[in-house]
Amino acid sequence: QVQLVESGGGLVQPGGSLRLSCVVSGSTFSINAMGWHRQAPGKQRELVASITRGDTTNYADSVKGRFTISRDNAKNTVYLQMNSLKPEDTAIYYCNAKVIARVTNWNPYDYWGQGTQVTVSS
């Protein structure tokens with residue numbers, strides 16, 4: 001019911017910035033929250049930031065003060081602004097939508113984008 005497409009990744013130097021975008025389509029009315037996760041090679045996927053339908057945001061301690069999650073409902077797009085990037089931020093970043101709908105018996109269900117690569121290196 002929900003499709004997510006990420007973009008905006010790339011290669012940046014330490015201290016640089018990137019803005020990731022996630023375009024959402026489908027049954028957007030059923031989305032309860034959006035988020036960004038990341039997965040580095042050989043590492044487990046971890047939550048980076050999330051934003052609820054009520055605009056409450058949450059960030060991993062490792063990115064607080066550096067990353068900002070936001071959304072533009074008119075454009076059906078969620079953003080992740082990443083500043084002061086560090087080499088340890090290198091990962092594939094995935095957009096996530098948490099859906100609550102009758103088709104899932106009102107249980108939360110996660111949809112994922114294909115991911116976009118972020119590499120922080122000099």
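In this text the structure is predicted, and so the values were computed from the model without any measurement.
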- Message: How long is the straight-line distance from OG of S30 back to NZ of K98, given to the nearest 0.5 Å?
- Response: 12.5 Å
- Task: Output yes when a side-chain donor or acceptor of R71 lies under 3.5 Å from a complementary backbone atom of T52, and no otherwise.
- Result: yes
- Query: Would I100 and Y109 show up in the same hydrophobic cluster when neighbours are defined by side-chain heavy atoms closer than 4.5 Å?
  - Reply: no
- First locate atom CD of Q117, then atom OG1 of T90, and finally report the distance between them rounded to the nearest 0.5 Å. 7.5 Å
- Task: Test side-chain contact (heavy atoms from CB on, under 4.5 Å) on R66 and M82 and set out the steps.
- Result: CA-CA 6 Å; R66 300 189 297 121; M82 305 185 294; over 6 Å; no
- Query: Any donor and acceptor pair, going by atom type alone, linking the side chain of Q13 with main-chain N or O of S122 inside 3.5 Å?
  - Reply: no
- One should read off an interatomic distance between Q81 CD and I69 CD1, to the nearest 0.5 angstrom, of 12.0 Å
- Look only at the side chain of E6 and the backbone of C95, and say whether a donor-acceptor pair between them is shorter than 3.5 Å. yes
- Task: Run the numbers on R38 and V118 for side-chain contact (heavy atoms from CB on, under 4.5 Å), then give the verdict.
- Result: CA-CA 9 Å; R38 68 186 181 187; V118 172; over 6 Å; no
- Message: With rounding to the nearest 0.5 angstrom, report the OG1 to CD distance, T28 to Q1.
- Response: 10.5 Å
- Item | Gap between atom CG of L20 and atom OG1 of T77 - 0.5 Å precision | 12.5 Å
- Message: In this structure, would I92 and W112 fall into the same cluster of hydrophobic residues linked by side-chain contacts under 4.5 Å?
- Response: yes
- Does any N or O in the side chain of Q39 come within less than 3.5 Å of the main-chain N or O of A91, such that one atom is a donor and the other an acceptor? no
- Task: Would you please test S21 and K75 for side-chain contact (heavy atoms from CB on, under 4.5 Å) and show each step?
- Result: CA-CA 11 Å; S21 299; K75 296 181 178 179; over 6 Å; no
- Item | Atom pair CG (L4) and CD1 (I31), whose distance is rounded to the nearest 0.5 Å | 6.5 Å
- Item | Joint cluster assignment, F67 & W36, ILVMFWY side-chain distance < 4.5 Å | yes
- Give the cluster check for L80 versus V23: same hydrophobic cluster or not, with ILVMFWY residues linked at side-chain heavy-atom distances below 4.5 Å. no
- Does D61 pair with K64 as a salt bridge, N-O distance under 4.0 Å? yes
- Item | Pair S121-L11, side-chain contact (heavy atoms from CB on, under 4.5 Å): steps then yes or no | CA-CA 7 Å; S121 176; L11 174 63; 4.2 Å; yes
- Note on the structure: What one should report as the nearest heavy-atom pair of M34 and A97 is SD-CB, 3.5 Å
- Item | Check: T116 side chain, Y93 main-chain N or O, donor-acceptor pair, under 3.5 Å | no
- Identify whether Y94 and V48 are in the same connected component of the hydrophobic contact network (ILVMFWY, side-chain heavy atoms under 4.5 Å). no
- Message: Does Y59, at its OH atom, have more than 12 non-hydrogen atoms belonging to other residues, nucleotides or ligands within less than 6.0 Å?
- Response: yes
